[in-house]
Peer 1: 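Below is the structure I would like to discuss, written out as structure tokens.
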Amino acid sequence: QVQLVESGGGLVQAGDSLRLSCATSGRTFSSYAMGWFRQAPGKEREFVSAINWSGSSTRYADSVKGRFTISRDNGKNTVALQMNSLKPEDTAVYYCAVSGTRVAFTTDTVYAYWGQGTQVTVSS
């Protein structure tokens, strides 16, 4: 059974940092792109960042570019999202996902497996 488990969320103040991790099991995901999405209350789920299968290519939403960094460890089947200079508007549930492709796409329709999410709350 495929499982994705996010961790590292929490309550922080504006300007602080958090590191989200996503552990996968039940399948080897080293051949597939992985991504992070988020959903704030009352809003649609939105793309945050993605990384291709090898880690050589990354993509970011404009709202997080320069503040967030995505990385992966294929030996451990994990993906991480380092979030710096957090803002109140970053408050959301963050989800990791595994794509059905090697290329990192921003659209959620290509992502086949999803975690349960981890809450990130940034106070002003």
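No hydrogens, no waters, no symmetry mates; every other heavy atom, side chains included, goes into these values.
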Peer 1: Is there a path from Leu20 to Val98 through hydrophobic residues (I, L, V, M, F, W, Y) whose side chains come within less than 4.5 Å of each other?
Peer 2: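 Yes, it is one cluster - the side chains of Leu20 and Val98 are joined through contacts under 4.5 Å.
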
Peer 1: Go through the structure and list residues passing side-chain hydrogen bond (donor to acceptor under 3.5 Å, both in side chains) with Thr121, not counting sequence neighbours.
Peer 2: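 Partners of Thr121 under the side-chain hydrogen bond (donor to acceptor under 3.5 Å, both in side chains) test: Gln119.
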
Peer 1: Which class fits the ring pair Trp114 and Phe37: parallel under 30°, tilted 30 to 60°, perpendicular over 60°?
Peer 2: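 The rings of Trp114 and Phe37 sit tilted, inter-plane angle from 30° to 60°.
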
Peer 1: Rounded to the nearest 0.5 Å, how far apart are OG1 of Thr118 and CG of Leu81?
Peer 2: 11.0 Å

Peer 1: Which pair of non-hydrogen atoms, one from Arg102 and one from Ala33, has the smallest distance, and what is that distance?
Peer 2: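 That closest heavy-atom pairing would be O-CB, 3.6 Å.
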
Peer 1: Under 3.5 Å, side chain of Asn74 to main-chain N/O of Asn77, donor-acceptor pair present?
Peer 2: no

Peer 1: Between Lys65 and Tyr60, what is the shortest heavy-atom contact and its length?
Peer 2: CE-O, 3.7 Å

Peer 1: May I ask you to check whether over 12 heavy atoms, not counting those of Glu46, lie within 6.0 Å of atom CD?
Peer 2: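 Buried by this count: over 12 neighbours within 6.0 Å.
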
Peer 1: Output every pair passing disulfide (SG to SG under 2.5 Å) with a member in residues 14-97, not counting sequence neighbours, ordered by first then second residue.
Peer 2: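 Output for this query lists Cys22-Cys96.
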
Peer 1: If you round to the nearest 0.5 Å, how far is OH of Tyr111 from OG1 of Thr106?
Peer 2: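 One gets 7.5 Å once the value is rounded to the nearest 0.5 Å.
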
Peer 1: Are Val110 and Ile51 connected into the same hydrophobic cluster when the rule is that any two of I, L, V, M, F, W, Y join if their side-chain heavy atoms are below 4.5 Å apart?
Peer 2: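 Result: no, two separate clusters.
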
Peer 1: To the closest 0.5 Å, what do you measure between CE (Met34) and CH2 (Trp53)?
Peer 2: 14.5 Å

Peer 1: Taking all non-hydrogen atoms of both residues, which atom of Phe29 and which atom of Leu4 are closest, and how far apart?
Peer 2: CZ-CD1, 4.4 Å

Peer 1: Counting N and O atoms only, with roles assigned by atom type, does the side chain of Thr91 sit under 3.5 Å from a partner on the main chain of Val122, one being a donor and the other an acceptor?
Peer 2: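 Yes, the answer is positive, given that a donor and an acceptor are paired below the 3.5 Å cut-off.
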
Peer 1: Taking all non-hydrogen atoms of both residues, which atom of Arg67 and which atom of Asp90 are closest, and how far apart?
Peer 2: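 Distance-wise, the nearest heavy atoms are NH1-OD2, 2.8 Å.
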
Peer 1: How many angstroms lie between atom CD of Gln82 and atom OG of Ser21, to the nearest 0.5 angstrom?
Peer 2: 9.5 Å

Peer 1: Taking Val64 as the fixed residue, which of Thr69, Ile70, Val48, Leu86 is the one that meets the side-chain contact (heavy atoms from CB on, under 4.5 Å) rule?
Peer 2: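 Among the candidates, only Val48 passes.
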
Peer 1: Is there a side-chain hydrogen bond (donor to acceptor under 3.5 Å, both in side chains) between Asn84 and Ser17 once you walk through the steps?
Peer 2: CA-CA 4 Å; Asn84 299 328; Ser17 298; 2.9 Å; yes

Peer 1: Rounded to the nearest 0.5 Å, what separates atom CD in Gln3 from atom OH in Tyr113?
Peer 2: 12.5 Å

Peer 1: Go through the steps for Gln39 and Tyr94 under the test side-chain contact (heavy atoms from CB on, under 4.5 Å), then give the verdict.
Peer 2: CA-CA 7 Å; Gln39 187 167 20; Tyr94 283 71; over 6 Å; no

Peer 1: Looking only at atom types and distance, does a side-chain atom of Arg45 sit under 3.5 Å from a main-chain N or O of Asp108, one as donor and one as acceptor?
Peer 2: no

Peer 1: Check Tyr95 against Glu6 and note the closest heavy-atom contact, atom names and distance.
Peer 2: CA-OE2, 3.4 Å

Peer 1: For side-chain contact (heavy atoms from CB on, under 4.5 Å), just list the numbers for Val79 and Trp36, CA-CA rounded to whole Å, side-chain angles, deciding distance to a tenth of an Å, and then say yes or no.
Peer 2: CA-CA 9 Å; Val79 64; Trp36 288 94; 3.9 Å; yes

Peer 1: How close do Pro88 and Ser124 get, heavy atom to heavy atom, and via which atoms?
Peer 2: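 For Pro88 and Ser124, the tightest heavy-atom pair comes out as CG-CB, 3.8 Å.
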
Peer 1: Looking at NZ of Lys87 and CG of Asp16, how far apart are the two atoms once the value is rounded to the nearest 0.5 Å?
Peer 2: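 So the gap between those two atoms works out to 14.5 Å.
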
